[in-house]
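Quick note on labels: first sequence line is chain A, next is B, and so on, each numbered from 1.
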Protein chains: 2
Amino acid sequence: MSKQSLPVVQTEPCCSPLVRQPLTEDWAGDLARMFKALGDPVRLRLLSLVASHAGGEACVCDLSAGFDLTQPTISHHLKVLRETGLLECERRGTWVYYWVVPAALAQLSAVLGSPDVSTAQLGTTAPAVLA
Amino acid sequence: MSKQSLPVVQTEPCCSPLVRQPLTEDWAGDLARMFKALGDPVRLRLLSLVASHAGGEACVCDLSAGFDLTQPTISHHLKVLRETGLLECERRGTWVYYWVVPAALAQLSAVLGSPDVSTAQLGTTAPAVLA
DNA sequence: GCCTTGGTTCGATAAGTGTCAATATCGATT
DNA sequence: AATCGATATTGACACTTATCGAACCAAGGC
């Protein structure tokens, strides 16, 4: 049998939700879908390309170049990022423009949190997640 | 609150590396391997269970309970998290204990961006932000 | 109307992944 | 040494996914 449970010593709310308490099954499912979308080097680079592009958006023609992949494949990866809420897009004339959804990235970043302040040089920003 | 501070706005430390410049192919590959490891709900819950366990570590017997999976499957997922550098483990007598590697989580969190993006500002789909 | 260009969708296929049953290993106990 | 309990590894199988070529749609320009 396993070890006997310890007295519940609840430390102060120091850390990310992932560290503070076990993730619920539902929440883990949602988060995993997003992390899985980021779990492909092509998609990560696409996301970074869009995010770092001038104006915060980029059209597919700007993205396709630089990859050794066919255009349908790029389109597929963009669709995955779209369906997980990491990217949004809009058609303007002939071209389709993509941009990132900052809140989605922020959510993932916040979940991972900074487990130990000593290992990560945290900025001045307090996690004022409540509005 | 108190966001209306002086015009000493920090112009430089605005964004994560992912937003500031396109990820290199190598870096994207490394990061994607870690994100892929998190892209499974079972692994996410395992990681959270280990991280939130008293003492910052947990033995496999503590983890297996709560999952409707066989023991080899749990062992497999733990191995994936281990091989991507998110967890470390050590055998102590009969049991094997796991703990998280804070630097790994911090790295991923940092890449995604600082959590000060004010997640409450939803609806800002207008990407007309200037860098 | 008819092309041309930019993007998406559709099948098909090869590679990868999650899961289990069976087996192996490792350490403690008898 | 023989055994037992806790984990890990192996092999197999169903299911998913990354990729491509071909077909399709949408907007302009002739």
Side-chain angles (χ1 to χ4, degrees), chain A residues 1-5 23 25 28-47 49-50 53 57-84 86-99, chain B residues 23 25 28-50 53 57-84 86-99:
Chain A
M1 56 189 69
S2 59
K3 308 181 302 182
Q4 81 291 354
S5 55
L23 288 175
E25 215 164 334
D30 288 348
L31 291 173
R33 274 182 33 247
M34 294 202 208
F35 282 129
K36 180 150 61 171
L38 297 180
D40 182 285
V42 174
R43 282 197 290 268
L44 256 188
R45 288 175 60 205
L46 279 173
L47 189 80
L49 269 175
V50 171
H53 201 262
E57 60 181 16
C59 82
V60 181
C61 55
D62 293 328
L63 302 172
S64 308
F67 290 93
D68 202 12
L69 297 170
T70 65
Q71 206 269 327
T73 299
I74 299 292
S75 190
H76 160 68
H77 285 302
L78 288 173
K79 184 180 187 179
V80 171
L81 290 169
R82 223 172 46 215
E83 288 178 339
T84 49
L86 290 164
L87 248 46
E88 285 178 350
C89 72
E90 180 189 23
R91 162 164 237 131
R92 268 175 236 155
T94 310
W95 298 278
V96 176
Y97 287 84
Y98 281 79
W99 59 89
Chain B
L23 288 174
E25 214 164 334
D30 287 350
L31 291 172
R33 274 182 33 247
M34 294 202 208
F35 281 128
K36 180 151 62 171
L38 297 180
D40 182 284
V42 174
R43 283 197 289 268
L44 258 187
R45 288 176 59 205
L46 279 173
L47 189 79
S48 180
L49 269 175
V50 171
H53 201 262
E57 61 181 15
C59 82
V60 182
C61 56
D62 293 328
L63 302 172
S64 309
F67 290 93
D68 203 11
L69 296 170
T70 65
Q71 187 266 324
T73 299
I74 299 291
S75 189
H76 160 69
H77 286 302
L78 288 172
K79 183 180 187 178
V80 171
L81 290 169
R82 224 172 48 214
E83 289 178 339
T84 50
L86 291 164
L87 286 184
E88 284 178 350
C89 70
E90 180 190 22
R91 164 163 235 132
R92 270 176 233 156
T94 310
W95 297 279
V96 175
Y97 287 83
Y98 281 79
W99 60 89

Sidechain-backbone polar pair: Arg91(A) side chain, Gly93(A) backbone, donor-acceptor under 3.5 Å = yes

In terms of side-chain heavy atoms of Gln71(B), which of dG28(D), dT7(D), dT19(D) is nearest?
-> dT7(D)

Phosphate contact (dG18(C) OP1 or OP2) by Arg43(B) side-chain N/O below 4.0 Å = yes

Whole-Å distance separating the CZ atom of Arg91(B) from the C1' atom of dT7(D) | 6 Å

Looking for any heavy atom pair under 4.0 Å, which part of the strands does Tyr98(B) touch: base, sugar-phosphate only, or nothing?
-> sugar-phosphate

Would you say Thr73(A) and Val42(A) make side-chain contact, with heavy atoms under 4.5 Å?
-> no

Of the nucleotides dT9(D), dT19(C), dG7(C), which one has an atom closest to the side chain of Leu69(B)?
-> dT19(C)

Nearest-Å distance, CD (Glu83(A)) to C1' (dT17(D))?
-> 13 Å

Candidates dG7(C), dA8(D), dT19(D) - which lies nearest the side chain of Thr73(A) = dT19(D)

Nearest nucleotide by nearest heavy atom, which residue falls closer to the 5' end of DNA chain C, Thr94(A) or His76(A)?
-> Thr94(A)

Whichever of Gly93(A) and Asp40(A) has the more 5' nearest nucleotide on DNA chain D, that residue is Asp40(A)

Starting at NZ of Lys79(A) and ending at C1' of dC10(C), how long is that distance when rounded to a whole Å?
-> 10 Å

Starting at CD1 of Ile74(A) and ending at C1' of dG21(D), how long is that distance when rounded to a whole Å?
-> 16 Å

Is any side-chain heavy atom of Pro41(A) closer than 4.5 Å to a side-chain heavy atom of Leu44(A)?
-> no

Give a yes or no on whether Glu25(B) atom CD has more than 12 heavy-atom contacts from other residues, nucleotides or ligands under 6.0 Å away.
-> no

To the nearest 0.5 Å, tell me how far Asp40(A) CG sits from Arg45(A) CZ.
-> 10.5 Å

Val60(A) has its side chain closest, among dA18(D), dG21(D), dG7(C), to dG7(C)

Proximity to the side chain of Lys36(A) - top-ranked nucleotide from dG7(C), dT17(D), dT9(D) = dT17(D)

Between CZ of Phe67(A) and P of dA18(D) the distance, given in whole Å, is 14 Å

Can you check the Arg33(B) CZ to dT17(C) C1' distance for me, whole Å?
-> 16 Å

How close or far is atom P of dG7(C) from atom CG of Leu63(A), stated in whole angstroms?
-> 9 Å

Does a nitrogen or oxygen in the side chain of His77(B) sit under 4.0 Å from OP1 or OP2 of dT17(C)?
-> no

Any idea which of dG28(D), dC20(C), dG21(D) is nearest the Thr70(A) side chain?
-> dG21(D)

Once you round it to whole Å, what is the distance between C1' of dA6(D) and CG of Leu78(B)?
-> 13 Å

